[in-house]
Amino acid sequence: MANLSLKHIYKVYPNGVKAVNDFTMEIADKEFIVFVGPSGCGKSTTLRMIAGLEDITAGELKIGDLVVNDVEPKDRDIAMVFQNYALYPHMTVFENIAFGLRLRKMPREEINRRVKEAAEILGITEYLGRKPKEMSGGQRQRVSLGRAIVREPKVMLLDEPLSNLDAKLRTQMRSEIAKLHKRLGTTFIYVTHDQIEAMTMGTRIVVMKDGFVQQIDTPKNLYNYPGNKFVAGFIGTPQMNFFEGTLKKVGENVEVVFKYTDAKVIVPYSYFYKTRPSYLNGDTDVIIGLRAENVSLDPEVVAKSNATIKVKISHKEELGNETLIYGDINMEGDGYTESSTRIIIKSISEIEYSAGDIVDAALDLDHVHLFDAATEVSILPRIPEFNYLDCEVQGREIAFLGVKAELPPAIECESGVGELLIPTDAIKLGGEIEAQVVGIEEVLGKKLLSMELGGRRIFAVVDEDVTTPTVNISLDMKKISVLRDGVEIVSPMPETVSFSGKFTKKKVIEDVPETEAERAKRLAKEQKRANVTEETPEEGAPVAEPPVVTKRKKVVKFSLDIENAEFPAPEEIAQKLIAALTIKRVFDKKYRFECTPYDLTIAEQGIEAQLVEILDYGAERFAHCTVGDKAVYVKLDDSIGSLDGIIHLIPEIDKLAIIQADMDIRLV
Ligand code: ADP
């Protein structure tokens with residue numbers, strides 16, 4: 001039993017293929033994790049890196065508390081089951097299962113016990129004496145599972161174990177593997193390209209595409225809250241309907257317009273509190289997603305709905321308990337071609353439709369999904385990035401939602417109305433503004449607090465639990481933005497600072513103390529030369545320690561060259577950079593160093609920076625400076641008084657993210 005931690009894991013194959021990018025995930029003990037995605041997305045590569053069958057290019061992999069990047073596969077306490085079960089044909093089932101244990105020289109009784117127990121769990125006890133060829137595919141895959149189980153591993157890795165089986169057997173084995181997972185109480189990581197397999201088995205699913213993790217969540221959350229169009233389309237059958245459209249805020253409503261049709265529905269603006277207002281201007285293209293079960297042809301539902309559109313029916317697919325009705329919301333469309341107007345509707349009614357019928361369909365907009373047309377990222381996220389509010393600046397005050405707050409000296413803004421963007425992590429508990437608590441929910445390990453302020457819903461990501469009916473809040477002013485006529489007139493202070501530089505290796509001659517071994521050798525030699533026999537010192541007499549001698553030696557020094565300032569590279573960091581073996585020549589490549597303004601201090605020497613201004617946010621002060629053509633921000637200690645001209649910065653080396661710039665790989 002074990003938990004796993006994958007931090008910024010990358011795989012670059014020697015041929016230059018970047019198969020896995022920045023894979024980061026914590027896997028708890030006993031979880032059943034499924035990696036799913038189309039062929040070539042990097043699932044197997046990730047699994048093989050966990051198994052130790054493939055080197056990790058960069059990043060840190062822990063099994064339990066141990067970093068295993070350099071641990072041999074056999075010492076990782078994992079077992080792997082493959083699609084191709086490769087049993088030894090000349091051995092019995094018993095021998096096949098016992099084989100690995102015999103290699104490990106396990107006592108005979110223990111082998112017997114483990115094989116019998118595994119066979120019992122898998123229901124193959126009666127076949128233990130048979131040869132593999134006398135068994136079906138499903139039974140053979142059970143034997144290969146048996147081989148893994150008897151190892152009693154901390155983690156079970158399964159790479160498409162069912163794809164060689166026929167559909168019926170696959171369904172059966174699926175539930176057996178899920179049962180096996182419960183019974184063994186071991187962490188399982190399972191790779192498949194089949195979303196149904198993923199949805200039915202995983203406690204959490206990692207959806208991957210082109211080497212990038214798209215989303216990590218429970219099956220239910222992936223279905224209900226896909227983070228982008230790819231996940232929305234990949235999870236669920238039939239595939240979600242996607243329509244091109246635009247959104248336009250008109251008073252307290254939003255018009256949802258479906259392109260290439262006359263279809264339009266009007267929805268209260270409250271549906272779009274989490275959406276950036278620039279999407280609601282009536283001409284920004286969006287993608288509207290609705291699942292087949294969120295569209296209804298039921299006349300009763302249609303009669304009550306205030307969001308209906310016309311559908312021209314084309315054909316249907318009978319699935320027994322339900323029918324999929326195909327149609328088009330463009331009256332010229334054929335309902336067969338997958339297009340931005342084709343629609344699939346799940347129907348449970350008995351009503352028969354004929355091809356060409358034009359009917360009303362009710363849209364359940366409580367379950368609508370919206371995506372940016374270009375990036376395909378959800379624009380109705382579960383945790384919104386910002387609260388989008390109207391505001392008015394008057395002198396040194398900003399008014400929004402019926403409250404007023406003082407602007408800190410760092411923010412300069414002409415009076416007038418505008419749009420205020422408050423990030424959900426910029427609302428802090430404690431302060432002058434009182435808000436009504438609507439609810440608090442746990443979303444992906446974060447606490448999302450919904451509040452009512454001035455008749456509007458606002459959201460905050462908080463650390464504390466909130467149980468009171470009201471809360472007092474304040475804003476972290478360095479994170480807000482103000483827009484006027486779509487132009488940002490107040491910008492947030494950047495949260496990361498970026499430098500460029502190199503990783504260098506130098507050989508220097510230095511006086512270094514001799515090693516223990518060298519010292520012993522020298523002392524022995526000296527003793528021999530002096531021809532003195534060792535005397536036992538008198539009791540109580542101080543033992544004279546022979547002096548340690550230094551030697552002139554060539555030593556290799558690693559440094560980080562950050563914006564032409566040299567910092568010694570700690571051993572651990574140097575090792576990580578050197579370990580990125582597949583990236584040829586780690587030295588003298590371009591690196592990007594990133595940290596936060598809190599990880600920099602002002603010193604006598606270091607990175608040379610030109611001070612631009614001091615930003616006073618009230619509770620905190622920052623120095624805004626430039627290094628080359630880059631803007632850099634540094635948190636100022638209260639002890640620092642006036643500053644001007646050229647200053648020098650020292651980063652906290654342990655807090656730096658080090659990114660290999662050409663390939664964009666985070667190495668530390
Ligand atoms: P999946 O398991 O999702 O089908 P893989 O992890 O096998 O995907 O592959 C991810 C990418 O890495 C693909 O582009 C594949 O061609 C490439 N790849 C896999 N193995 C190697 C290898 N040994 N050498 C070079 N490229 C590889």
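Keep in mind that what you see is a predicted model, and the values were worked out from it rather than measured. Each ligand, and each atom within it, is numbered from 1 in the order the structure gives.
Among protein residues, Tyr13, Asn15, Val17, Ala19, Pro38, Ser39, Gly40, Cys41, Gly42, Lys43, Ser44, Thr45 come within 4.0 Å of ligand 1, judged on heavy atoms.
No hydrogens or angles considered: nothing links the side chains of Tyr88 and Glu95 as a donor-acceptor pair under 3.5 Å. Checking Thr192 against Lys43 by side-chain atom types alone, no donor-acceptor pair falls below 3.5 Å. Checking Ser5 against Glu26 by side-chain atom types alone, a donor-acceptor pair falls below 3.5 Å.
With sequence neighbours excluded, the residues forming a salt bridge (charged side-chain N to carboxylate O under 4.0 Å, His left out) with Asp664 are Arg592, listed by chain and number. Every residue meeting the side chain to side chain contact (heavy atoms under 4.5 Å, CB included) condition with Glu441, not counting sequence neighbours, appears here in chain and number order: Arg382, Val443, Leu448. Listed by chain and number, the residues in a ring-ring contact (aromatic ring centres under 6.0 Å, His included) with His193 amount to none (sequence neighbours excluded).
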